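Naming convention: chains lettered A, B, ... in sequence-line order (proteins, then strands); numbering from 1 in each chain. Note that the coordinates shown come from a computational prediction; the quantities given were computed from them, not determined experimentally.
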Amino acid sequence: MINAVEVKNLKVSFPTPAGYSAVVRGINLTIKAGERVAIVGESGSGKTMLGLSMLGIQPTSAKVEGEVLINGVDMVSAPDSVARKLRGKDISMVFQEPLTSLNPVRTVSSQLSESVTRHTNLNKKDAAAKVLEVLTAVGIPSPAERLKAYPHQLSGGLRQRVMIALALINNPQLVVADEPTTALDATIQAQILDLLRSGMGDASLMLITHDLAVAADVCNRIVVMYAGNIVEQGPVAEILSTPKHPYTRGLLAAIPRFDPARPALNPIPGSPPQITEIVSGCRFASRCNYADHVCQAAEPAFENNVACFHPVIGATR
Amino acid sequence: MSAEAKPTEVVMPFSRKKFAKKYNRSPLTLRISSTFLGLLFIVAIFQPLFYRVDPFLADLGLRLQSPSLGGAWLGTDGLGQDVFSRVIAGFRWSLGIASVGTILGGFIGITLGISAAWNRNRVRIVLSRIIDIGISFPYLIIAVTIVSVVGRGFWALGLTLGLVCWPTIARVVYAETLTLREREYVTAARLFGVTAFRSIFTHILPALRPTLQVIAAFVFADLLIAESGLSFLGLGAPLGTPTWGNMLNESRTYLATAPWMMLGPAVAIVLTIFTANLLGEGLNAREQARSTRVSQ
Amino acid sequence: MLNRRGKALWSRIIQLLILLWSVSTVLFLLLRLSGDPALILAGEGATPEIIEAIRIANGFDKPLITQYFVFIRDVINLDFGNSLVNSQPALSFVLQYLPSTLKLTFLAIVFNTIVAIPAGIWLGAKPNQRKRRVLSTIVSVAQGTPSYVIGLVLIQIFAVWLGWLPSIANTGPGAWILPTATLAFALAPNLIRVLAANVEDTTRQDYYRTAKANGANPTELLIKHSLPNALLSATSLLGAQFAFLLSGALITEFIFAWPGLGLILVQSITNLDFPTVQATVFVVACLVFFVNLVMDQVFRLADPRLRKSQL
């Protein structure tokens, strides 16, 4: 099997009064064809910036280093004229806010067919057929009637289905979905998660979320990010049953569940470091129960799927 | 929005240190424009100090002289009066009338805007309609019509401009108050039985202040244009008064023979208007910077 | 649907009636409260007998409220009295000059649009380039330049120094150029700045990012995604610009002796010809109302969010 994407030592930094500060601090990540990977972390962990920079659509002030290989093209070093041929065709993205992410003054069909005609040789008629096909595939009821609709005329769930249709329309090998259900009602969320789990065709999925439950529901593999680094990764079952990094354990403990044996939530104390903050050693140390002088002195390397000097052994419960 | 965001007005004695700190933190445009506008006001107030000769001194033997460093810096007009001194004298009229107009228009606009936003149903519909009509009506045509009746003195013109400029202020105040009124702390005050009047004075007006500063600067600039425009049409300051509009009007007769006559007043108007607009933009930039700082 | 449209039409008509009624009332009050109208109508140097005759002829000896009803009745009959200068009925006298003002303003709008739309788009597309920054500073200075300064400078350059163009109306087709240019230059900076700000704003929107994520090139981004939204929000400005345009027309017509509503208004005020003043303001009020009505409809048709409800 080939890989959908290979990310090598990706760094994203922003200019601040005190020089460049990194938001993504050297990420290595390979997503295989057909794999569904969840990137889990709190807000500010750099997961959204990771997604944007993989497509090369990060804010213009950002500085990106490293490699993002898709179909042999490095999205970081390739000129925009090359990289944009891949965007929407080999890699695409679904955003959090479906209402604002669709152009309010253009119809659904015009936005979808624009992407088809841009990347293929299909004529208008075939493109229209393709649009109808993909709208049916993402589960939009009576799609033919919705072609001429404007985004504001659709419900939130339908809009997000249109966004997913837009991401899938050119059969990409990777779809990056950034918190695709956060802005939706709970019942609609479940439907969209179903679609992401089993309606994606051959495309691999990189699901960016802050919600471990959503990640476990949809994906095969979980990657945990903290303050710009990957701190742990592994198959869903392993991460849920035997998390090694204290941060992952903390995340799991913070999930509310119906369990009389565990009376209260266990939030992780403190907050992640600011991007401008200079931290020597492990960036989680100040919030970690297991931290000692080693953790203060050096930054742990990522080995055996975890970046920790004191990985925890054994099950959570 | 947490309780912290509530703008609490703390009355502070004037402190030079604080002022200097505030000044140094402001955007560059704001610093330049406020300093420069301050200088212009000083010129307007102490104008006799800046005259080269009496602006009313007519000497037909010296009429239509071209500008020269040794003689009249900006030349002389058709009556032999010194254009430079008359431009200086024009500051008092322009800045004075625009100030009076802005204050009066601000008073009307704030009152109407808040009343429209605070009331519901009929009152709001009627008042906001009035504001809409006021905005869509050409201001100069209203001004010209009012001036034809109230006359052409300093205060009459200030009154006229005040009656012309309120709709812009009212609309901004209306929109802003509508959102402020739904803020938690205002709703809470209402639930606790705080009277509308008190709520407006303790919550709404202080919160409106930054917006009002910005809009006042822009309205001030518009009124400078309007004031000179009325004079230019021959409907503003009494003929012979040294105002920029009058001077421009007089210069029309001498476009071919004495083109320099319009130079002084034209530059003075454009410069002053630009400074006021720059002040507005600077205040706006400071407000934007402040609101992004708060939200981060 | 028809019902709703009918309702909207009714509310518009009522608005117009209220507008005209309030304008008339204000005009009535302005004239009557400012002093003795007979004295104003008679003009300077009139003998007491003439003033008394005018007072009785115009009914100024009757109580104010009676005068008001008579005045309103006359307004309803579109009778503003005769011009004191040439004794024509004031309204038809004023209406003769309406086409001339409309032509001037229309040309100015066309000229303004041709200049301002490309300029605004160009400035907004890459706002941080140095040369564009310099240009937008120039535009903001230009925005503060009053139309009378622009007009005088244009006359000075093109009529006096170069002698290319006439500076007075009705002297051939060339006479249109300077007044139109004056009016358009007074109008353009505002539109340029709004458009540039709108275009710049669209580049920060989520849909712009979506288009980018789907491989749109810079031209597609600008034409298909920025422009429809930026132009749409600029349309809402055009109605407000019309009021500003009429103020500019007043000045422009005065500078170029252009026979239009503005010139008539200034002249009739200088001559204390109140029937003509009233008729002019009345005509302007109607004009503003109808232009705003049309702009509202245009905006409604152009913006899909206002066109249809939820499917």
**Asked** If you count heavy-atom pairs under 4.5 Å with chain B, which of C/Thr270, C/Thr145, C/Val284, C/Leu261 comes out on top?
**Response** C/Val284
**Asked** Where do C/Val266 and B/Leu233 come nearest, in terms of heavy atoms and distance?
**Response** CG1-O, 3.9 Å
**Request:** Check B/Arg252 against C/Leu152 and note the closest heavy-atom contact, atom names and distance.
**Result:** CG-CD2, 3.7 Å
**Asked** Given the options B/Val144, B/Leu271, B/Ile135, which has more heavy-atom pairs under 4.5 Å with chain C than any of the others?
**Response** B/Val144
**Message:** For C/Ala159, which atoms come within 4.5 Å of any heavy atom of chain B: side chain, backbone, both, or neither?
**Reply:** neither
**Prompt:** Nearest 0.5 Å, what's the OG-CD1 distance between C/Ser247 and B/Ile142?
**Reply:** 8.0 Å
**Asked** Distance-only, no hydrogens or angles: does the C/Tyr148 side chain make a donor-acceptor pair with backbone N or O of B/Ile225 under 3.5 Å?
**Response** yes
**Prompt:** Within residues 273-282 of chain B, which positions have a heavy-atom distance to chain C below 4.5 Å?
**Reply:** B/Ile273, B/Phe274, B/Asn277, B/Glu281
**B/Pro138 versus C/Ala243, closest heavy-atom pair with distance** = CB-O, 3.3 Å
**Item:** Portion of B/Ser228 that has a non-hydrogen atom of chain C nearer than 4.5 angstrom
**Value:** both
**Complete:** Per side chain to side chain contact (heavy atoms under 4.5 Å, CB included), B/Met262 is matched among C/Ile155, C/Val149, C/Val153 by C/Val153
**Prompt:** Which of parallel (below 30°), tilted (30 to 60°) and perpendicular (above 60°) describes C/Phe254 and B/Phe232?
**Reply:** perpendicular
**Request:** Measure distances from C/Leu27 to the heavy atoms of chain B and classify the residue's part below 4.5 Å as side chain, backbone, both or neither.
**Result:** side chain
**Item:** Heavy-atom contact with chain C under 4.5 Å, split by part of B/Leu248
**Value:** both
**Item:** Whether over 12 other heavy atoms sit under 6.0 Å from B/Phe154 CZ
**Value:** yes
**Item:** Neighbourhood of chain C inside residues 165-174 of chain B, taking heavy atoms under 4.5 Å as contact
**Value:** none
**Fill in**
Rounded to the nearest 0.5 Å, the CG atom of B/Asn249 sits from the CD1 atom of C/Ile255 at a distance of 9.5 Å
**Complete:** Interatomic distance, CG@C/Leu250 vs CD1@B/Ile141, rounded to 0.5 Å, equals 5.5 Å
**Message:** Return the CG to CG distance between C/Asn292 and B/Asp132, rounded to the nearest 0.5 Å.
**Reply:** 9.0 Å
**Prompt:** Under 6.0 Å from the CZ atom of B/Arg122, do we count more than 12 heavy atoms belonging to anything else shown?
**Reply:** no
